[in-house]
Amino acid sequence: MTEGKEEIKSRIETLRQEINRHNRLYYQEDAPEISDAEYDRLFHELKELEAAHPELITPESPTQRVGAEPVEKFTPVEHPVPMLSLDNGFNPEDVLEFDKRVKRFFNSTEDISYMVEPKIDGVAVALVYEAGQLVSASTRGNGYVGEDVTGNIKTILTVPLTLTPNKDKPFPDRLDVRGEVYMPLEDFAQLNQRQESKGLAPFANPRNAAAGSLRQLDPRITATRPLNMFCYAVARPELLEVDTQFELLKLLTGWGMRAYNPEAEVCESIQEVLKFYNELEQRRHELPYEVDGLVIKVNSISLQNRLGTTTRSPRWALAFKFAPEVETTVVKAIEVQVGRTGALTPVAHMEPVQVSGVMVSRATLHNEDEVKRKDVRVGDTVIIQRAGDVIPEVVRVIQEERPENTIPFSMPETCPVCGSGVVRLSGEAVHRCVNAACPAQIKQHLFHFASKDALDIDGLGSKLIDLLVDQDMVHDPADLYSLTLEKLADLPRMAEKSAQNLLNALEGSKKTTLERFIFALGIRHVGVHLARILAENYGALEPLLETDAKELEAIYEIGPEVAQSIVTFMTNLKNRDLIQRLTEEKIGITLSPPVKSDTGSPLSGKSLVLTGTLKTMTREEAKARIQSAGGRVAGSVSKKTDYVVGGENPGKKMTQAEELNVKILSEEDFLKILEE
DNA sequence: AACCCTCGAGATCT
DNA sequence: CTCGAGGGTT
């Protein structure tokens with residue numbers, strides 16, 4: 001039997017190698033050597049052998065791509081290096097401006113070498129390889145935390161489970177690769193045929209099909225979805241000792257990844273980039289996948305690192321979008337909606353039309369000025385598009401098609417929901433309903449309170465809130481916590497199970513963090529970011545309740561407007577009462593103080609002032625590097641300044657620094673600290 | 001003037 | 001999830 005076992009083992013090995021080879025031929029080189037049926041036979045044989053000898057199954061076996069069990073739900077995965085999105089450009093001027101910005105950053109007039117590639121319309125995914133093994137795959141999420149979709153990604157045949165060793169360049173212990181998962185157009189069409197023949201709804205477009213397939217809880221379903229992936233970046237390219245983006249892609253390809261898109265090119269100047277754009281636009285519909293533009297990246301990795309990133313996007317890349325598809329339709333009505341802060345927003349309701357793959361029937365008109373600027377009226381024929389190919393937008397009215405007797409739009413003088421007065425403060429663009437007890441405001445307020453970044457109360461959606469408020473069961477967030485099974489039982493579409501789920505979610509929301517709670521209060525101008533700043537600075541609710549404008553304005557990022565808004569909120573008796581009810585024993589919401597995020601960088605949290613001219617970099621670059629090290633650059637020296645960096649010919653900031661006893665750094669000192 | 005945050009909104013899928 | 005207007009801060 002032992003001898004037979006050896007034979008089986010080697011047969012399994014051969015099958016795996018063969019299957020992997022055919023996968024590569026089929027998917028990567030587009031040159032299959034055997035028929036699909038023969039391939040299936042090999043695969044089937046391997047599966048049978050492995051089933052009979054489960055001890056021989058290894059994680060790299062091609063069969064393991066579809067073997068994973070369904071998951072309950074997706075677990076969050078943190079991206080150690082954030083996955084940023086790209087800044088967008090919509091016309092050649094934007095692209096030239098981008099090029100100028102890059103040159104200005106280096107104070108250079110020389111042409112920059114750019115790598116350009118088609119921007120495939122799919123879903124961004126991060127892969128993590130440890131010691132050459134694929135250990136995790138996750139979606140982009142909000143850029144900092146995504147969802148674990150490893151089982152689903154493993155079903156994509158062009159994603160190697162094991163990297164191919166390369167003698168010249170061994171792969172690092174840990175490799176974070178980023179790329180785009182998409183569905184090829186042809187496969188998308190076939191999938192939709194299958195969906196329809198099964199009586200299922202077809203997918204609206206390949207992007208949605210790819211996103212939906214990735215978010216399947218059962219990888220066996222994902223395995224039946226024809227997904228593919230291109231890799232185009234790694235988290236810390238400077239660690240791989242490659243000089244350019246182009247070499248990086250070659251390196252990844254050498255390790256067995258599908259990284260090199262044959263459509264990608266290196267352009268030696270921005271003019272070449274524009275030429276490439278025109279050519280690609282001509283050919284975009286011949287490509288086997290949906291393309292919504294072009295990605296332009298500074299080719300040199302060291303220049304990329306010097307440019308760094310803003311909080312939202314890298315400064316070294318631009319997504320140059322193709323002109324969006326436009327359609328015409330007719331405005332049937334302009335409805336006015338009321339938001340959480342009482343803001344009145346006009347929304348155009350239109351005859352539904354298909355625009356870039358989806359049905360569009362509504363579009364926001366933002367505010368009165370915007371409607372007047374575009375002069376949109378009920379009955380008008382309008383041109384619409386999806387801004388950035390996503391959000392519906394009214395581009396303009398076709399004047400020639402305007403029927404007779406249309407009337408210009410005007411904001412209602414009373415709130416369309418509660419009939420109270422409406423005001424537009426001078427200098428502001430929005431009209432607001434003055435009634436804080438307006439049902440629309442209450443509803444939005446509750447919705448905000450329950451939202452994901454606030455108390456995250458699952459199951460409390462807008463429909464349920466409508467019911468609860470309309471039935472007079474809930475008037476403010478505290479009322480939510482006195483709901484019971486009996487009370488909920490009266491509501492339509494509310495069986496015991498979902499009622500219990502809601503109660504559980506409410507109970508669970510009582511243990512939360514200070515920053516979430518502050519955000520949940522819905523103070524004007526205080527979103528997720530400022531809520532966190534407040535939580536870090538005050539550490540608890542009580543001091544925040546007693547604070548004043550002066551104290552608040554001393555905090556970086558809080559100015560007079562925001563300070564006033566917070567004080568107004570905190571001194572309002574209704575709000576104080578609400579906070580008390582929520583936190584006192586009966587409801588008992590507990591708030592955990594924030595953990596000080598102290599990164600290792602010596603500049604994190606420090607305030608620096610630059611003076612004089614630096615020899616090795618422009619002021620812009622110095623600023624960017626300080627920021628990416630977690631520091632801030634201030635314009636003038638004060639007691640709160642930690643360091644003054646003095647270049648050549650320093651100005652009077654230097655003497656101020658001496659007077660205030662602020663530490664002074666020479667350019668050399670500064671560079672040394674940046675190194676750390 | 002650059003940058004960033006808030007706020008409101010629409011569409012799709014699960 | 002993403003966009004865009006508006007507005008605040010530095």
Side-chain angles (χ1 to χ4, degrees), chain A residues 73-74 85-88 90 101 104 123-124 139-143 146-147 200-205 207-218 221 310-313 315 321 324 335-350 352 354-370 373 384-394 425 427-430 432 440 444 447-448 451-453 519 522-533 553 555-565 607 609 620 623-624 627 632-636 638:
Chain A
K73 57 179 205 170
F74 298 108
S85 51
L86 297 184
D87 205 8
N88 290 322
F90 298 99
R101 221 165 42 227
R104 192 169 59 224
V123 185
T139 59
R140 194 180 87 87
N142 61 15
E147 289 177 325
L200 298 169
F203 290 95
N205 54 52
R207 209 207 88 85
N208 281 344
S213 302
L214 260 196
R215 298 204 82 260
Q216 285 291 335
L217 292 170
D218 187 347
I221 298 179
T310 69
T311 47
R312 229 196 355 258
S313 52
R315 272 185 279 258
K321 297 287 193 85
E335 189 204 39
V336 176
Q337 296 181 199
V338 183
R340 167 166 64 88
T341 59
L344 267 52
T345 312
V347 175
H349 289 235
M350 300 160 297
Q354 182 104 358
V355 193
S356 6
V358 305
M359 282 309 250
V360 167
S361 59
R362 290 140 51 108
T364 176
L365 296 169
H366 296 109
N367 56 54
E368 185 179 43
D369 291 351
E370 181 80 1
R373 200 154 42 230
I384 59 173
Q385 66 179 21
R386 293 208 298 147
D389 257 349
V390 181
I391 307 289
E393 172 191 41
V394 173
L425 296 178
E428 290 210 338
V430 295
R432 288 180 204 277
Q444 290 293 318
F447 189 72
H448 173 81
S451 69
K452 204 161 156 56
D453 289 326
F519 173 67
I523 307 166
R524 271 243 258 156
H525 298 129
V526 179
V528 180
H529 181 76
L530 286 179
R532 171 185 222 129
I533 303 265
E553 281 183 54
I555 300 171
Y556 179 73
E557 281 183 306
I558 296 181
E561 285 293 329
V562 177
Q564 190 50 56
S565 156
S607 167
V609 171
E620 187 126 0
K623 189 174 158 196
Q627 280 166 354
R632 300 194 299 271
V633 178
S636 57
S638 76

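All heavy atoms count here, side chains included; hydrogens, waters and symmetry mates do not. Chain letters run A, B, ... following the sequence lines, proteins first, then strands; residues in each count from 1.
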Along DNA chain C, 5' to 3', what are the outermost nucleotides having an atom less than 4.0 Å from a heavy atom of chain A? dC1(C) to dT10(C)
What's N205(A) touching, base or sugar-phosphate or nothing? Going by heavy atoms closer than 4.0 Å. nothing
With a non-hydrogen cut-off below 4.0 angstrom, is R386(A) in contact with a base, only sugar-phosphate, or nothing? nothing
Indicate, with a heavy-atom threshold strictly under 4.0 Å, whether R207(A) touches base, sugar-phosphate, or nothing. nothing
So, R532(A) and D453(A), do they make that salt bridge, N to O below 4.0 Å? no
When you measure from the side chain of R312(A) to the backbone N and O of S85(A), does any donor-acceptor pair fall under 3.5 Å? no
Give R524(A) one of three labels, base, sugar-phosphate or nothing, depending on what nucleic acid heavy atoms sit under 4.0 Å from its own. sugar-phosphate
Taking atom CZ as the centre, does F203(A) end up with more than 12 heavy-atom neighbours from other residues, nucleotides or ligands that are less than 6.0 angstrom away? yes
Any T345(A) side-chain heavy atom under 4.5 Å of V336(A) side chain: no
Just jot down the salt bridge (charged side-chain N to carboxylate O under 4.0 Å, His left out) partners of R373(A), sequence neighbours excluded, or say none. E370(A)
Atom of V355(A), atom of Q385(A) and distance for their closest heavy-atom approach: CG1-CA, 4.3 Å
A side-chain contact here means heavy atoms from C-beta on lying under 4.5 Å apart; do S451(A) and F519(A) qualify? yes
Measuring only between side-chain heavy atoms, which start at C-beta, is P560(A) closer than 4.5 Å to E553(A)? yes
Check every strand shown and say whether G141(A) touches a base, only sugar-phosphate, or nothing at a heavy-atom separation below 4.0 Å. sugar-phosphate
Please compare A343(A) and T310(A) by the position of their nearest nucleotide in DNA chain B and report the one closer to 5'. T310(A)
Nucleotide range of DNA chain B contacted by chain A, 5' to 3', under 4.0 Å to a heavy atom? dC4(B) to dT14(B)
Give one of base, sugar-phosphate or nothing for Q444(A), where a contact means two heavy atoms less than 4.0 Å apart. nothing
DNA chain C nearest-nucleotide lookup for E557(A) and H366(A): closer to the 5′ end is H366(A)
Whichever of R312(A) and T341(A) has the more 5' nearest nucleotide on DNA chain B, that residue is R312(A)
Could you check whether I221(A) gets within reach of a base, just the sugar-phosphate, or nothing at all, counting any heavy atom under 4.0 Å? nothing
What distance do R432(A) atom CZ and L344(A) atom CG have between them, rounded to the nearest 0.5 Å? 9.5 Å
